[in-house]
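What follows is a short report on a single structure.
Side chains included, hydrogens not; waters and symmetry mates left out as well; all remaining heavy atoms used.
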Amino acid sequence: MGMGAGGKNWERSGLKPFRYLEKRPGGVELEWRMVELLNSTALHAEAGAMRHCVYSYTGRCMRRISGIWSLRVRTENGEKRVLTVEVNPRTRRIVQVRAAQNRRAGGRSYGILRKWAQFAGVALWVR
């Protein structure tokens, strides 16, 4: 079950991933994706890109106390991580939402997160 370098894996939460195409003025199309992070390597990459401490959630993910999701947006310039989301898989509640450097979610990204919550049947009560 190894990932090399002490990497740890865990099972999917069973919540549905998500893809949403947003048409912007001027023919610009943004592709938003909600991706579940399923190993410590992915958490480490998310923590580095977003400059917050999500890597410390490895143990919580392994014990199924937390599921960590990454909201990403793709433009013609490539993909960018926008939000890191902690879900309690047992209660299906979003318990924490963080933008880069632990900032709160902006209006647009929060709107996309609400679409995923509705689609996946998850309670969203934090900002």
Side-chain angles (χ1 to χ4, degrees):
M1 172 144 147
M3 293 255 327
K8 296 174 170 61
N9 306 295
W10 47 88
E11 298 298 310
R12 293 183 179 281
S13 63
L15 299 176
K16 293 184 283 194
F18 183 64
R19 188 168 161 271
Y20 176 74
L21 287 178
E22 181 189 8
K23 306 254 192 259
R24 301 284 296 156
V28 177
E29 199 172 77
L30 301 181
E31 180 190 6
W32 295 86
R33 292 190 315 135
M34 198 65 179
V35 180
E36 189 170 12
L37 306 184
L38 296 170
N39 57 63
S40 55
T41 306
L43 285 188
H44 197 265
E46 183 83 357
M50 297 290 282
R51 299 188 298 291
H52 57 42
C53 66
V54 75
Y55 184 62
S56 67
Y57 282 72
T58 299
R60 294 175 64 85
C61 290
M62 304 239 2
R63 296 195 306 277
R64 308 308 303 138
I65 298 167
S66 297
I68 303 294
W69 292 74
S70 177
L71 178 66
R72 300 169 181 188
V73 64
R74 182 182 297 281
T75 66
E76 63 277 3
N77 304 322
E79 192 170 67
K80 179 178 172 237
R81 296 166 201 256
V82 181
L83 295 177
T84 307
V85 180
E86 180 192 0
V87 180
N88 180 324
R90 295 184 189 122
T91 62
R92 298 174 73 96
R93 283 180 105 87
I94 293 173
V95 292
Q96 211 176 165
V97 179
R98 291 287 179 263
Q101 295 176 305
N102 281 324
R103 288 196 297 268
R104 285 161 57 114
R108 277 187 54 221
S109 58
Y110 192 77
I112 303 293
L113 182 63
R114 282 174 48 193
K115 290 179 189 300
W116 174 71
Q118 207 169 13
F119 171 78
V122 175
L124 173 54
W125 52 278
V126 291
R127 183 101 199 207

Pairwise distance [atom1]([X]) to [atom2]([Y]) - rounded to 0.5 angstrom:
X	Y	atom1	atom2	answer
Ser70	Leu43	OG	CG	10.0 Å
Arg33	Glu79	CZ	CD	4.5 Å
Leu83	Arg103	CG	CZ	11.0 Å
Glu22	Lys115	CD	NZ	8.5 Å
Thr41	Lys8	OG1	NZ	10.0 Å

Please report the shortest heavy-atom distance between [X] and [Y], naming the atom on each side.
X	Y	result
Met62	Trp10	CG-CE3, 3.9 Å
Tyr55	Ser40	CE1-O, 3.4 Å
Ala45	Arg81	CB-NH2, 4.0 Å
Val82	Met50	O-CE, 3.3 Å
Ala42	Asn39	N-OD1, 2.8 Å
Ala117	Leu124	CB-CB, 4.1 Å

Spell out, as yes or no, whether a donor-acceptor pair under 3.5 Å connects the side chain of [X] to the backbone of [Y].
X	Y	result
Arg64	Arg90	no
Arg24	Leu30	no
Arg51	Gly48	no

Original post:
If you group Ile, Leu, Val, Met, Phe, Trp and Tyr by side-chain heavy-atom gaps below 4.5 Å, do Val73 and Val28 land in one group?
Top reply: yes

Subject >> More than 12 heavy atoms from other groups under 6.0 Å of CD on Glu29 >> reply: yes

Subject >> Arg19 atom CZ, over 12 foreign heavy atoms within 6.0 Å >> reply: no

Less than 4.5 Å apart, any side-chain heavy atom of [X] and any of [Y]?
X	Y	value
Met34	Leu113	yes
Leu71	Trp116	no
Lys80	Thr75	no

Original post:
Just by distance, with hydrogens left out, do Glu46 and Tyr57 show a side-chain donor and acceptor under 3.5 Å apart?
Top reply: no

Subject >> side-chain contact (heavy atoms from CB on, under 4.5 Å) partner of Val54, the single match among Val85, Leu37, Asn102, Ile68 >> reply: Ile68

